[in-house]
Amino acid sequence: QVQLVESGGGSVQAGGSLRLSCGASGLTYSRYCMGWFRQAPGKEREGVAYIYTGSGNTGYADYVKGRFTISQDHAKNTVYLQMNSLKPEDTAMYYCAATQFRWACGSASLRATEYAFWGQGTQVTVSS
């Protein structure tokens, strides 16, 4: 059974930083995409960043590019999202997600429909 568990959310002031973690278990293959998504109240879920576990290739949505960094620790089966220069509009529930086996990840990996497994989410609140 696949489980994804997020942690690291919280409340910060604008300009601050947070690091989210996503621990994965139960995945029986080594090549897949891990993504971070977010959903604010009344809005659709949107892609933030992805990483391909095979090569470490990453991609970002334009609205976080240059501020957020996704990374992985293979030994810990954990993916991180370092969020710097946070803005009030970054306030949302953040989810991590994993695909089935993949040979590569690309721009489509920012679409929620690409992902088969989801965590429960961790709340990020940025005050002005």
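Contact of the Arg31 side chain with the Arg102 side chain is not registered, since no non-hydrogen atoms from C-beta on lie closer than 4.5 Å. The shortest side-chain heavy-atom distance between Ser25 and Gln3 falls under the 4.5 Å cut-off. In this structure, Phe37 and Val48 have side chains that are not in contact, with every pair of non-hydrogen atoms separated by 4.5 Å or more. Side-chain contact between Gln100 and Phe117: present, with at least one pair of heavy atoms (C-beta onward) separated by less than 4.5 Å. Counting only heavy atoms from C-beta outward, the side chains of Cys33 and Glu114 never approach each other to under 4.5 Å. Counting only heavy atoms from C-beta outward, the side chains of Tyr63 and Glu89 never approach each other to under 4.5 Å. Side chains of Trp36 and Val79 form a contact here, defined as non-hydrogen atoms less than 4.5 Å apart. Counting heavy atoms from C-beta outward, Thr91 and Gln123 have side chains that approach closer than 4.5 Å.
The shortest heavy-atom contact between Thr78 and Gly23 is OG1-CA, 4.0 Å. Considering all non-hydrogen atoms of both residues, Cys22 and Leu4 come closest at SG-CB, 4.1 Å. When all heavy atoms of Gly8 and Leu18 are compared, the pair lying nearest together is O-CD2, 3.9 Å. Closest approach of Gln72 to Gly56, counting heavy atoms only: NE2-CA, 3.7 Å. Listed here is the closest heavy atom pair of Ala14 and Pro88: CB-CD, 4.1 Å. The minimum heavy-atom distance between Cys96 and Glu6, with the atom names listed, is N-OE2, 2.9 Å.
Linking ILVMFWY side-chain heavy atoms closer than 4.5 Å, directly or via other members, places Tyr29 and Tyr115 in two distinct hydrophobic clusters. Residues Leu81 and Tyr50 do not share a hydrophobic cluster, clusters being chains of Ile/Leu/Val/Met/Phe/Trp/Tyr side chains in contact below 4.5 Å. No path of Ile, Leu, Val, Met, Phe, Trp and Tyr side chains, each step under 4.5 Å between heavy atoms, connects Met93 with Leu86, placing them in separate hydrophobic clusters. Residues Val124 and Val5 do not share a hydrophobic cluster, defined by chaining ILVMFWY side chains whose heavy atoms lie under 4.5 Å apart.
Here CD1 of Ile51 is found 9.0 Å from SG of Cys105. Values are rounded to the nearest 0.5 Å. Summarising the geometry, atom OG1 belonging to Thr28 is positioned 10.5 Å from atom CZ belonging to Phe101; distances are rounded to the nearest 0.5 Å.
A salt bridge is absent between Lys87 and Asp90; no separation between the charged side-chain nitrogens and carboxylate oxygens falls under 4.0 Å.
Within the 3.5 Å criterion, the main-chain N or O of Tyr32 finds a donor-acceptor partner in the side chain of Thr53. Formation of a donor-acceptor pair under 3.5 Å by the Tyr52 side chain with backbone atoms of Trp103 is found in this model. The main-chain N or O of Ile70 is found under 3.5 Å from a side-chain atom of Tyr60 such that the two form a donor-acceptor pair. Judged by distance alone, with hydrogens and angles left aside, the side-chain atoms of Tyr95 form no donor-acceptor pair with the main-chain N or O of Gly35 at under 3.5 Å. At least one donor-acceptor pair closer than 3.5 Å links the side chain of Arg67 to the backbone N or O of Ser85.
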> Taking it one step at a time, do Val64 and Arg38 satisfy side-chain contact (heavy atoms from CB on, under 4.5 Å)?
Replying inline: CA-CA 12 Å; Val64 304; Arg38 67 187 187 186; 4.1 Å; yes
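Ring-plane geometry between Phe68 and Tyr94 is classed as tilted, the angle between the planes lying from 30 to 60 degrees on a 0 to 90 degree scale.
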